[in-house]
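Okay, so here's the structure we're looking at.
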Amino acid sequence: MLDAKLLRSDLETVAQKLKTRGFELDTAKIQALEEQRKALQTRAQELQAERNSRSKGIGKAKAQGEDIAPLLAEVESLKTQLEEAEKASEAVQAEIETIYAGIPNLPHESVPVGLTEDDNVEIRKWGEPKTFDFEVKDHVELSEQRGWYDNDAAVKVTSGRFSVLKGPMAKMQRALIQLMLDTHSENGYEEVYVPYLVNQDSLRGTGQLPKFEADLYKISKNDEHDTSDRDLYLIPTAEVPITNLVRDEILNEADLPIRMVAHTPCFRSEAGSYGRDVRGLIRQHQFEKVEMVQIVHPEQSHQALEDLTGHAEAILQKLGLAYRVVNLCTGDIGFSAARTYDLEVWLPGQAAYREISSCSNFEDFQARRLKARYRSKEGKPQLVHTLNGSGLAVGRTLVAVLENYQNEDGTITVPEALRPYLGGVEVL
RNA sequence: GGAGACGUGGCCGAGAGGCUGAAGGCGCUCCCCUGCUAAGGGAGUAUAGGGUUUGUAGCUCUAUCGAGGGUUCGAAUCCCUCCGUCUCCGCCA
């Protein structure tokens with residue numbers, strides 16, 4: 001959520017910046033609503049003040065044993081006026097709230113302007129795309145021929161876009177997770193274990209709701225007598241439960257930065273992605289991910305993004321996987337992000353770089369929704385900045401290892417960094 | 001799942017329709033005092049929003065006692081729903 005004060009004071013500038021990311025802000029409507037809001041809110045508050053002072057008067061009169069009947073008569077019409085004014089004021093504020101909740105974050109000035117992923121800017125490359133002196137196979141072929149990957153089994157047990165992994169492949173996934181968590185721990189991230197089902201407040205806090213409900217799996221309580229909105233959602237990323245740990249908190253400045261890491265499964269309905277990456281492990285409804293989150297002082301957040309991106313890169317480097325870092329353009333960054341670097345790993349099976357991590361600085365956009373603040377020694381509570389990044393998407397890392405480390409005979413050489421986690425085995 | 005108790009500021013804890021944004025204590029900040037330390041005295045110490053304003057200053061108004069509704073001229077206090085915590089019983093990885 002953007003700062004409402006900024007929207008009031010500098011609406012045109014905000015609209016311009018949003019336009020670079022393809023978002024049209026209806027400034028005329030907002031201005032009109034804000035004017036209404038101001039008038040109605042002032043009116044309601046005046047009436048509240050009136051009621052409060054009169055009620056106090058009644059209390060005093062009563063305490064002195066005076067007749068309060070005439071005072072009550074005076075106040076009679078005030079009540080309905082106040083109710084109407086409050087109702088009108090709340091209605092406009094709710095309308096404004098709804099509009100504001102749907103406005104994406106402002107892109108940071110360093111973000112290249114562009115409309116699609118074609119306008120993203122490559123910042124750097126690491127490693128050379130591997131060349132093979134034989135016909136390379138993609139991860140589906142490689143794993144199916146060994147009986148490690150069974151799409152039909154997944155379809156039988158649940159439905160499409162889920163996977164069943166077996167034997168060495170299942171073990172290698174676990175090994176990758178371990179390697180990632182251990183590496184991030186060394187870089188000062190506290191490992192946390194978090195719920196996989198979260199409430200609406202949490203999803204609002206990180207920005208998945210209200211706009212992206214279609215991408216989420218919702219779990220209903222199925223209790224017809226239950227009038228509360230207790231529906232829970234499967235997490236689309238560990239970002240949600242981890243970042244929400246600081247929701248409604250006022251942190252000590254000395255405790256910043258906070259670095260946390262968790263491995264969780266992630267659940268995405270992948271609405272609107274029919275036909276894309278249908279084959280194999282690239283795009284699944286359920287996948288494993290190791291996620292890093294940082295809660296930082298506002299002045300530190302852009303450095304923190306560089307650090308965090310480096311921490312994700314460290315995994316790829318340990319695994320010896322060639323990748324490039326891409327600065328996402330205004331049209332391609334996510335709803336809540338001010339700035340995002342994608343890490344794209346080289347996949348020989350596709351002869352292309354594919355996204356394996358996304359590292360974002362949200363500045364105070366999430367913090368404002370979350371009411372996540374810190375208190376400096378003297379000062380007032382200030383909003384923190386939040387960041388997160390995959391470190392890494394485990395399923396896609398598995399794909400990358402299989403494809404990059406394949407041998408002509410269909411075996412897979414285990415990357416050295418992974419061997420300690422697989423009992424020292426060198427070839428699978 | 002059954003039965004009961006409870007939810008108040010950074011923390012502990014009073015308050016049971018009106019003068020309570022909330023006593024008292026702890027903590028914290030500033031000042032005073034005392035060679036140092038300890039103790040003591042004084043003052044201050046929630047968050048958010050609106051209006052005014054060049055202003056994150058000041059003034060002023062409003063809201064907030066787990067959340068949301070209701071009753072009332074007036075609710076921390078009464079009623080309802082929900083969320084959560086604790087105790088006992090049952091069940092359970």
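Hydrogens, waters and symmetry mates are skipped; everything else that's a heavy atom, side chains included, is used. So you know, we letter chains A, B, ... as the sequences are listed, proteins then strands, and number each from 1.
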Rounded distance in Å between the [atom1] positions of [N] and [M]:
N: B:U20; M: B:C79; atom1: P; result: 24 Å
N: B:U87; M: B:C82; atom1: C1'; result: 22 Å
N: B:U53; M: B:U60; atom1: C1'; result: 12 Å
N: B:A93; M: B:C88; atom1: C1'; result: 23 Å
N: B:G70; M: B:A76; atom1: P; result: 15 Å
N: B:G21; M: B:G49; atom1: C1'; result: 16 Å
N: B:A3; M: B:U81; atom1: P; result: 13 Å
N: B:U77; M: B:U72; atom1: P; result: 16 Å

Options [options], nucleotide nearest the side-chain atoms of [X]:
X: A:Arg373; options: B:C61, B:G18, B:U47; value: B:U47
X: A:Pro381; options: B:C73, B:U47, B:G51; value: B:U47
X: A:Ile58; options: B:C61, B:C73, B:U47; value: B:C73

Length of the line joining [X]:[atom1] and [N]:[atom2], which is rounded to integer Å:
X: A:Tyr374; N: B:G10; atom1: OH; atom2: P; result: 18 Å
X: A:Gln41; N: B:G51; atom1: CD; atom2: P; result: 7 Å
X: A:Glu34; N: B:G49; atom1: CD; atom2: P; result: 13 Å
X: A:Leu40; N: B:U62; atom1: CG; atom2: C1'; result: 15 Å
X: A:Glu46; N: B:A63; atom1: CD; atom2: P; result: 13 Å
X: A:Arg247; N: B:G84; atom1: CZ; atom2: P; result: 13 Å
X: A:Glu74; N: B:G74; atom1: CD; atom2: C1'; result: 15 Å
X: A:Asp201; N: B:G66; atom1: CG; atom2: P; result: 17 Å

SB check [X] [Y] (cutoff 4.0 Å):
X: A:Arg268; Y: A:Glu270; value: no
X: A:Glu313; Y: A:Arg124; value: yes
X: A:Glu213; Y: A:Lys218; value: yes

Closest to the 5' end of RNA chain B, once A:Gly59 and A:Glu86 are matched to their nearest nucleotides, is A:Gly59

Mapping A:Ala4 and A:Arg51 onto RNA chain B by nearest heavy atom, which one lands closer to the 5' end?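 Going by which nucleotide is closer to the 5' end, it is A:Ala4.
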
Would you say [N] has OP1 or OP2 under 4.0 Å from some side-chain N or O of [X]?
X: A:Arg368; N: B:A48; answer: no
X: A:Asn52; N: B:G74; answer: no
X: A:Lys79; N: B:C73; answer: yes
X: A:Arg37; N: B:G51; answer: yes

task = Classify the nucleic acid contact of A:Lys38 as base, sugar-phosphate or nothing, counting any heavy atom under 4.0 Å across all strands shown.
result = sugar-phosphate

Practice task
Evaluate salt bridge (Lys or Arg N to Asp or Glu O under 4.0 Å) for A:Glu34 paired with A:Lys38, printing each intermediate quantity in order.
Solution key: CA-CA 6 Å; A:Glu34 280 288 0; A:Lys38 192 166 163 178; over 6 Å; no

- With no angle test and no hydrogens, is the base of B:G18 tied to the side chain of A:Lys56 by a donor-acceptor pair under 3.5 Å?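 By the distance-only test, no, there is no pair.
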
Check: Between A:Tyr189 and A:His184, what is the ring plane arrangement, given parallel below 30°, perpendicular above 60°, and tilted in between?
Finding: perpendicular

- prompt: Strictly by modelled atom types, are A:Tyr233 and A:Asn199 linked by a side-chain donor-acceptor pair under 3.5 Å?
  reply: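 No, because no side-chain N or O of A:Tyr233 sits under 3.5 Å from a partner of the opposite role on A:Asn199.
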
Practice task
Would you please say whether a donor-acceptor pair under 3.5 Å links the side chains of A:Ser202 and A:Arg247?
Solution key: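 Per modelled atom types, A:Ser202 and A:Arg247 side chains form a pair under 3.5 Å.
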
Identify the stems formed by RNA chain B, where each pair is Watson-Crick or G-U wobble with both distances under 3.5 angstrom and a stem is at least 3 consecutive pairs.
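Counting only runs of 3 or more consecutive pairs, the stems involving RNA chain B are B:1-7 with B:83-89, B:10-12 with B:24-26, B:27-32 with B:40-45, B:46-52 with B:58-64, B:66-70 with B:78-82.
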
Run the ring-centre check on A:Phe362 versus A:His385 and record whether the distance is less than 6.0 Å.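 No, the ring of A:Phe362 stays outside the 6.0 Å limit from the ring of A:His385, centre to centre.
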
**Report entry** A:Glu403 side chain to A:Gly349 backbone, donor-acceptor under 3.5 Å
**Finding:**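 Flag set: sc A:Glu403 to bb A:Gly349 pair under 3.5 Å.
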
